[in-house]
Structures are given as structure tokens and as C-alpha cells.
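Notes follow once the structure below has been shown.
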Amino acid sequence: MRPSSCIAALVAASLIASSPAYGRGFAWFFSHSRPHGSCAGQNIVATYYVSGRRTASGQAFNSGGLTAAHRTLPFGSQVTVTNPENGRSVTVTINDRGPFTRGVTLDLARGAAHAIGMTGTQWVCMS
């Protein structure tokens, strides 16, 4: 293997490993993290997703949108999501179903995650 390929592989591996949920698994994330900061609503675990074609509501998926997936909330519901690490909030519209990982409550579109400064799976406040 060429040296430049080795360096690229090491960088990619370190980036993946730096995200607790992806590098070590969701079980590790849930056993080693706890919500922090004050929350006027519910402390939940959120992830974000960047690809898809159609949402369960029939809309085209927009990775830059302010939308989210939730297992049970009605389509069109609006919820405010706050990142307790920096206090930034965004209001998202539920237009998809999921996430289907036990313990994860909300899947944000990348645009919504970016708006609150979320870089991976984390605890957020939902109201």
C-alpha cells in the first residue's frame, strides 16, 4: 500500500472512531453518555441523516431541510430541538418515520443538525 493511501486510511479511521455512536456502537454511547444542561421539554437522543429519496409522508427528501423523522408524531407536527452543548435551537417539521434504532428518538435532516451545531449522535432537548 502506498504511504499516501495509508495516511488517508488512518485519517478516515480516526474520524469514524471520534464519533462515539459510530466508532464504538450505540450500546457504548448509551452506557457512557448522559444528558446535560437544562431542558424545558424532553431529553432525547437524536441522530441525523443525509440521504434518501422519498420520506414516508411522500415528500422528496431534502438533506438541507429543517425536517425530521419520528416514529409516532403525526406528519406536519413541529417540534423545537435544542442542542444543550451550545444552546442553539431549530424548529423542525416531522415528515418521515424512524429512527429504527432502539433508544434513538429523532432523526434530523442534515440541515437541521447543522443549524444546531450537531456533529453526530447526541442528547438534545425536544419541546
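Note that the structure is predicted; figures quoted are calculated from it, not measured.
There is no path of hydrophobic side-chain contacts, each under 4.5 Å, that joins Val45 to Tyr49. Residues Val90 and Leu73 share a single hydrophobic cluster, defined by chaining ILVMFWY side chains whose heavy atoms lie under 4.5 Å apart. The same ILVMFWY cluster, assembled from side-chain heavy atoms under 4.5 Å apart, contains both Ile44 and Leu66.
Summarising the geometry of Val81 relative to Val92, their closest heavy-atom pair is CG2-CG2, 4.2 Å, with the distance given to 0.1 Å. Residues Cys39 and Met126 come closest through the heavy atom pair SG-N, 4.5 Å. When all heavy atoms of Cys125 and Gly41 are compared, the pair lying nearest together is SG-N, 3.6 Å. Between Trp123 and Asn43, the shortest heavy-atom distance links the atoms CZ3-O, 3.9 Å. The shortest non-hydrogen separation linking Val104 to Arg71 is O-NH1, 2.9 Å.
In this structure, the side chain to side chain donor-acceptor pair (under 3.5 Å) partners of Gln78, at least two apart in sequence or on a different chain, are Thr93.
Separating the CD1 atom in Ile94 from the OG atom in Ser77 is a distance of 6.5 Å, to the nearest 0.5 Å. Atom-to-atom distance recorded for Phe61:CZ and Thr67:OG1 is 6.0 Å, nearest 0.5 angstrom. Interatomic distance, Glu85 CD to Met118 CE, rounded to the nearest 0.5 Å: 10.0 Å.
Here the side chain of Arg97 pairs a donor or acceptor atom with the backbone of His70 at under 3.5 angstrom.
Around atom CD of Gln59, more than 12 heavy atoms belonging to other residues, nucleotides or ligands sit under 6.0 Å away.
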Return all side-chain donor-acceptor pairs below 3.5 angstrom for residues 105-112, not counting sequence neighbours, or 'none' if the list is empty.
{"residue": "Asp107", "atom": "OD1", "partner": "Thr47", "partner atom": "OG1", "Å": "2.1"}
{"residue": "Arg110", "atom": "NH2", "partner": "Ser63", "partner atom": "OG", "Å": "3.2"}

